Amino acid sequence: MSHSAATGVALVGWGYAGATLHAPLIAATSGLKLVAVASSRHAGPPASLTPALAAALAGCAWLPDLASVLALPEVQLVVLATPNQTHFPLAQMALAAGKHVLIDKPFALTLAQADALIAQAQATQRLLTVFHNRRWDSDFIELQQVLAEGCLGRVTHVESHLDRFRPQVRERWRESAQPGAGLWFDLGPHLLDQALQLFGEPESIQLHTQRQRDGALCDDWFHALLRYPRHCMVLHASVLAAQPAPRWTVHGTHGSYLRQQGDGQEEALKAGRMPALDARWGQGDAPGALTLAQPDGALAAAAPLSEGAGDWRHFYAGVCAALAGRVAAPPVTAQQARCVMDWLERGWGSQSSAHAGQAGS
């Protein structure tokens with residue numbers, strides 16, 4: 001591939017993830033060109049497109065399915081923003097056609113499926129990556145900086161929450177009874193990937209899930225405990241939290257870090273803002289707060305943290321650089337995504353183990 005040629009991208013799936021997240025980010029990435037959209041629901045650009053997004057999609061071919069996309073020689077990268085249970089078969093098809101593949105999280109439904117895709121990508125010498133975009137959240141970047149500075153001392157306890165308030169069950173695949181639906185497979189990959197980036201693999205995981213809303217068909221609440229040698233980490237998500245818990249709570253031997261609100265990029269994209277047209281993209285999120293031990297043992301608030309910027313565009317820029325040969329690997333490697341899939345599956349399996357232990361006690 002010529003280093004100067006733009007990579008032709010096909011976006012498969014025009015649901016929430018495809019329309020709201022991937023299309024604007026692809027459009028904002030120099031070196032990528034969105035040439036086709038595959039959607040079973042739209043034969044052309046929907047009338048609801050904002051003028052900015054419509055302009056970004058100008059000239060795009062709208063096709064009914066992946067098979068139609070794979071027939072286009074100008075398509076080099078296929079982005080799968082489809083229901084979770086379709087990730088594995090669609091990625092197989094795209095790799096078999098010689099395309100590079102980017103999958104919205106989670107990687108697949110099982111670790112075995114992830115391993116099969118990795119083997120296929122290696123055999124076909126195609127790039128395979130997964131959209132773990134929350135590595136580029138402002139809150140996560142800020143926490144990484146705090147931990148790197150060591151001001152908290154040895155970390156003893158971490159809580160990572162993604163709480164929302166959506167009391168009504170909606171008719172969509174993410175809230176259905178189909179495989180891969182539910183909150184653990186939706187938000188669990190984000191929180192697991194961040195945990196693995198911060199602390200590496202835990203010694204164990206214990207997951208609890210529930211269906212808390214009336215009429216819920218799949219889990220809409222989860223609480224996972226990751227055990228490390230000298231600290232524990234809680235991963236938690238709920239859709240019935242009218243007053244969300246802090247996004248991050250971190251305690252250490254020398255102090256604590258608290259971040260009330262998370263990253264604002266998703267809300268900005270939902271509001272129709274386009275990263276390519278926004279000079280202050282990812283900026284403006286309220287920073288966290290530090291409480292640190294003083295030499296006499298007293299606790300006091302530290303100087304305010306400087307405002308950090310999150311930027312999901314770095315993910316796609318990194319993928320583009322890998323495809324062009326400027327870097328050796330994409331920003332999220334298939335093996336890193338496999339590790340997330342491993343712990344996602346282990347977490348789900350830990351519920352059966354816990355119930356079996358209770359039954360036998």
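If you're wondering where the values come from, they're calculated on a predicted model, not measured in any experiment.
- With no hydrogens or angles considered, a side-chain donor-acceptor pair links Trp343 and Glu201 at under 3.5 Å.
- When the side chains of ILVMFWY residues are joined at heavy-atom separations under 4.5 Å, either directly or via intervening members, Leu217 and Leu240 end up in two distinct hydrophobic clusters.
- Between the CG atom of Asp139 and the CD atom of Gln194 there is a distance of 6.5 Å, given to the nearest 0.5 Å.
- The shortest heavy-atom contact between Pro287 and Ser306 is CB-O, 4.2 Å.
- In this structure, Arg338 pairs ionically with Asp115, as a charged nitrogen and a carboxylate oxygen lie closer than 4.0 Å.
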Query raised in the report: Could you go step by step and tell me if Trp312 and Asp137 meet the side chain to side chain donor-acceptor pair (under 3.5 Å) rule?
Result: CA-CA 7 Å; Trp312 294 351; Asp137 278 6; 2.8 Å; yes
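- Here Arg346 contributes atom CZ and Leu207 contributes atom CG; the two are 14.0 Å apart, rounded to the nearest 0.5 Å.
- Gln85 and His87 are not linked by any side-chain donor-acceptor pair at a separation below 3.5 angstrom, with hydrogens and angles left out of the test.
- Trp221 is not connected to Met233 by any chain of hydrophobic side-chain contacts under 4.5 Å among Ile, Leu, Val, Met, Phe, Trp and Tyr, and they are in different clusters.
- Scanning all heavy atoms of the two residues, the minimum distance from Leu187 to Ala237 falls at CD1-CB, 4.0 Å.
- Between Tyr257 and His251, a ring centre-to-centre spacing not shorter than 6.0 Å is recorded.
- For an aromatic pair to be called close, the ring centres must be under 6.0 Å apart, and Trp248 with His161 fails this.
- Heavy-atom contacts from other residues, nucleotides or ligands closer than 6.0 Å to CD of Glu345 number more than 12.
- What you find for Phe185 and Gly180 is that their closest heavy atoms are CB-O, 3.4 Å.
- Pro330 approaches Ala322 most closely through the heavy-atom pair N-CB, 3.7 Å.
- Taking hydrophobic clusters as Ile, Leu, Val, Met, Phe, Trp and Tyr residues chained together by side-chain heavy-atom distances below 4.5 Å, Leu198 shares a cluster with Val130.
- Checked against the 6.0 Å centroid criterion, the rings of His236 and His223 qualify as a close aromatic pair.
- For Phe315 and His132, the distance between ring centers is not under 6.0 angstrom.
- The existence of a salt bridge linking Arg273 and Asp278 is confirmed by a sub-4.0 Å separation between a basic side-chain nitrogen and an acidic carboxylate oxygen.
- Under 3.5 Å, the side chains of Ser138 and Arg259 contain a donor-acceptor pair of N or O atoms.
- None of Gln197, His190, Gln145 except one satisfies the side chain to side chain contact (heavy atoms under 4.5 Å, CB included) rule with Phe140; the exception is Gln197.
- Transitive grouping of hydrophobic side chains (ILVMFWY, heavy atoms separated by less than 4.5 Å) brings Leu305 and Leu147 into a common cluster.
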Requested in this report: Determine, step by step, whether Met93 and Leu70 satisfy the side-chain contact (heavy atoms from CB on, under 4.5 Å) criterion, reporting the C-alpha distance in whole Å, the side-chain angles of both residues, the deciding distance to 0.1 Å, and the verdict.
Outcome: CA-CA 9 Å; Met93 287 178 58; Leu70 298 180; 4.2 Å; yes
Query raised in the report: Arg213 and Asp220: salt bridge (charged side-chain N to carboxylate O under 4.0 Å, His left out), yes or no, with the steps?
Result: CA-CA 7 Å; Arg213 293 176 297 176; Asp220 56 13; 3.0 Å; yes
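- Remark: Leu225 CG to Ser204 OG distance equals 7.0 Å, nearest 0.5 Å.
- Counting all heavy atoms, side chain and backbone alike, Leu196 lies closest to Pro202 at CD2-CD, 4.1 Å.
- Separation of atoms CG (Asp342) and CD (Gln335) is listed at 10.5 Å; rounding is to 0.5 Å.
- In summary, the side chains of Ser160 and Arg247 do present a donor paired with an acceptor at a separation below 3.5 Å, with no hydrogens or angles considered.
- By the rule that hydrophobic residues join a cluster once side-chain heavy atoms approach within less than 4.5 Å of another member, Leu277 and Leu25 end up as members of one cluster.
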Report task. Evaluate side-chain contact (heavy atoms from CB on, under 4.5 Å) for Thr156 paired with Arg230, printing each intermediate quantity in order. Result -> CA-CA 7 Å; Thr156 58; Arg230 300 196 70 186; over 6 Å; no
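- The two residues Glu203 and Pro229 make their nearest non-hydrogen contact at OE2-CG, 3.6 Å.
- Using a 4.0 Å cut-off between charged nitrogen and carboxylate oxygen, Asp186 and Lys105 count as a salt-bridge pair.
- No salt bridge links Glu74 with Lys33; every basic N to acidic carboxylate O contact stays at or beyond 4.0 Å.
- Electrostatic pairing of Asp263 and Arg134 does not count as a salt bridge here, judged by no charged N lying under 4.0 Å from a carboxylate O.
- With no hydrogens or angles considered, no side-chain donor-acceptor pair links Asp219 and Thr209 at under 3.5 Å.
- Taking the six-membered ring where tryptophan is involved, the planes of His22 and Phe131 are tilted, since the angle between them lies from 30° to 60°.
- From Trp62, atom CH2 reaches atom CG of Leu11 across 8.0 Å, with rounding to the nearest 0.5 Å.
- To the nearest 0.5 Å, atoms CG (Leu344) and CG (Asp193) are separated by 11.5 Å.
- The local environment of CZ in Arg172 is crowded, with over 12 non-hydrogen atoms from other residues, nucleotides or ligands closer than 6.0 Å.
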